[in-house]
Amino acid sequence: MAINETQNLLKQLMKNDHELVISIRDFVSAENDVQHLQEKLANEGGAATVDLGAIDTECDTIRQMAKMTIGRQGNHFPVLTSEYFHSMPSEVATRENIISMLARIESIDKEAFCRIYKNRLNRIAPFVLLIPTYGDMGFCWEPFDRFNRATSRGRIIVPMYPRNLYLAVLTAVADLRWQVAKEKASFYWMEEGLTGNYYQWFQSNKLKGDIKEYFIRDYILWMTKEAEGIQKLDKDVRGTFWRHMPFTQEIKEKLKTRNLIYQELYQRDQNRAMSDGY
């Protein structure tokens, strides 16, 4: 009995020894692979390091974006819960739906994504960042890259589950419009161009509050009501928008037959076209 037990123990020891040899060989091979990869990484520019501070900053940035899409008095709800999620597929901010909305906006405001560079009007569509919130407001995060103001793409933020996707995208484009025009005018933003004309109207009417919020509200009326011939804007604001954010020629042709007000604005276009200063 003792001899049999000893033989079994020897067999087990031999098996364990064989497995240990294999494990050591695999460990050495893996260690060689790691060393090879580290050398390769070093040759390509150094080892990658994780910046935990940068990760925290990015998370805080996304949280800030989410709050901005909801608004000052918004409530925070879990994402995609049955109590709050009632959007149809066409109302969710998917890539395809956003492209469709931007195309719809450009079909009305033909220069929505255009900037002048070297006396040439260039179409520069913005990047669109989608935030998984139930917010109703889109906004402009960056009108353009501060190191390339001429041709870089801006960034707009759009909530994925708004009550009205078109209005959410409109608010983002309105904000982009305002910031691009303001940056373009620089120190003279209260005197020149789109922002200058709007600011002077704002001051003359002694309005209080955030001027950009007034502009966004009026831009939505411009795109949803005035484009259909429904007069909702102040006369001076309508004139400023007609000049600095023109409708497509097709819409202008349609509006001039609707009302004398639009006919006069259309005639001003014709007069400017014949002058040297247009």
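Small disclaimer: the values here were computed from a predicted structure and weren't measured. Nothing fancy with the numbering, it's 1 onward along the sequence.
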Engineer: Tell me, do Q203 and M190 make a side-chain contact under 4.5 Å, heavy atoms counted?
Structural biologist: no
Engineer: Do V237 and Y214 land in one hydrophobic cluster if side-chain heavy atoms of ILVMFWY residues count as linked below 4.5 Å?
Structural biologist: yes
Engineer: Quick one: closest heavy-atom pair of A112 and Y219, and the distance?
Structural biologist: CB-OH, 4.5 Å
Engineer: Does E253 form a side-chain hydrogen bond (donor to acceptor under 3.5 Å, both in side chains) with Y266? I'd like the steps, not just the answer.
Structural biologist: CA-CA 8 Å; E253 295 286 348; Y266 186 88; 2.6 Å; yes
Engineer: What I'd like to find out is whether the side chain of K254 reaches to under 4.5 Å of the side chain of E250, using heavy atoms alone.
Structural biologist: no
Engineer: How far apart are the C-alpha atoms of T94 and L130, what are their side-chain angles, what is the distance that settles it, and do they pass the side-chain contact (heavy atoms from CB on, under 4.5 Å) test?
Structural biologist: CA-CA 8 Å; T94 61; L130 303 179; over 6 Å; no
Engineer: Check whether any side-chain N or O of N32 sits under 3.5 Å from a backbone N or O of V28 as a donor-acceptor pair, and report yes or no.
Structural biologist: yes
Engineer: Using the side chain to side chain donor-acceptor pair (under 3.5 Å) definition, which of the options R155, Q179, R153 pairs with E142?
Structural biologist: R155
Engineer: Other residues, nucleotides and ligands only: do more than 12 of their heavy atoms fall within 6.0 Å of CZ on R163?
Structural biologist: no
Engineer: Locate the shortest heavy-atom distance separating T248 from S107; write the atom from each residue and the value.
Structural biologist: CG2-O, 3.1 Å
Engineer: Mind running side-chain contact (heavy atoms from CB on, under 4.5 Å) on K182 and K212 for me, showing each step along the way?
Structural biologist: CA-CA 10 Å; K182 186 176 180 180; K212 187 172 72 171; over 6 Å; no
Engineer: Between the main-chain N or O of E191 and the side-chain N or O of Q200, is there a donor-acceptor pair closer than 3.5 Å?
Structural biologist: yes
Engineer: Quick test of your reading of the model: are D60 and R63 salt-bridged, counting only N-O distances below 4.0 Å?
Structural biologist: no
Engineer: Apply the test side-chain contact (heavy atoms from CB on, under 4.5 Å) to residues L167 and I220: give CA-CA distance (whole Å), side-chain angles for both, the deciding distance (0.1 Å), then the verdict.
Structural biologist: CA-CA 8 Å; L167 290 181; I220 292 173; 3.8 Å; yes
Engineer: Determine whether a donor-acceptor pair (N or O, by modelled atom type, separation under 3.5 Å) exists between the side chain of T240 and the backbone of D236.
Structural biologist: yes
Engineer: Nearest 0.5 Å, what's the OG1-CD1 distance between T69 and I157?
Structural biologist: 9.0 Å
Engineer: Is there a donor-acceptor contact under 3.5 Å from the side chain of T171 to the main chain of G138?
Structural biologist: yes
Engineer: Does any N or O in the side chain of E226 come within less than 3.5 Å of the main-chain N or O of L233, such that one atom is a donor and the other an acceptor?
Structural biologist: yes
Engineer: Return yes if some donor-acceptor pair links the side-chain N/O of T195 with the main-chain N/O of W189 below 3.5 Å, else return no.
Structural biologist: yes
Engineer: For Y262 and Q231, which I'm curious about, is there any donor-acceptor pair between the side chains at under 3.5 Å?
Structural biologist: no
Engineer: Which pair of heavy atoms, one from D175 and one from C140, lies closest together, and at what distance?
Structural biologist: OD2-N, 2.9 Å
Engineer: Are any non-hydrogen side-chain atoms of Q263 and Q267 less than 4.5 angstrom apart?
Structural biologist: no
Engineer: Looking at Y166, is R104 sitting on its ring face, NZ or CZ under 6.0 Å from the six-membered ring centre and within 45 degrees of the normal?
Structural biologist: yes
Engineer: Knowing that exactly one of F247, W178, F215 qualifies, which makes a ring pair (Phe, Tyr, Trp, His ring centres under 6.0 Å) with F241?
Structural biologist: F215
Engineer: With side-chain contact (heavy atoms from CB on, under 4.5 Å) as the criterion, how do N16 and E19 come out once you've worked through the C-alpha distance, each side chain's angles and the decisive distance to 0.1 Å?
Structural biologist: CA-CA 5 Å; N16 291 344; E19 291 177 352; 4.2 Å; yes
Engineer: Check this for me: K256, atom NZ, are more than 12 non-hydrogen atoms of other residues, nucleotides or ligands nearer than 6.0 Å?
Structural biologist: yes
Engineer: So, do K184 and I116 sit near enough that their side-chain heavy atoms are less than 4.5 Å apart?
Structural biologist: yes
Engineer: Tell me whether D109 contacts the main-chain N or O of I105 through its side chain, where contact means a donor paired with an acceptor under 3.5 Å.
Structural biologist: no
Engineer: Looking only at non-hydrogen atoms, find the nearest pair between I124 and A150 and report the distance.
Structural biologist: CD1-O, 3.5 Å
Engineer: Decide yes or no for L265 and D269: does some side-chain heavy atom of the first lie under 4.5 Å from some side-chain heavy atom of the second?
Structural biologist: no
Engineer: Test your reading of the model: is there a side-chain donor-acceptor pair from R177 to the backbone of I216, 3.5 Å cut-off?
Structural biologist: no
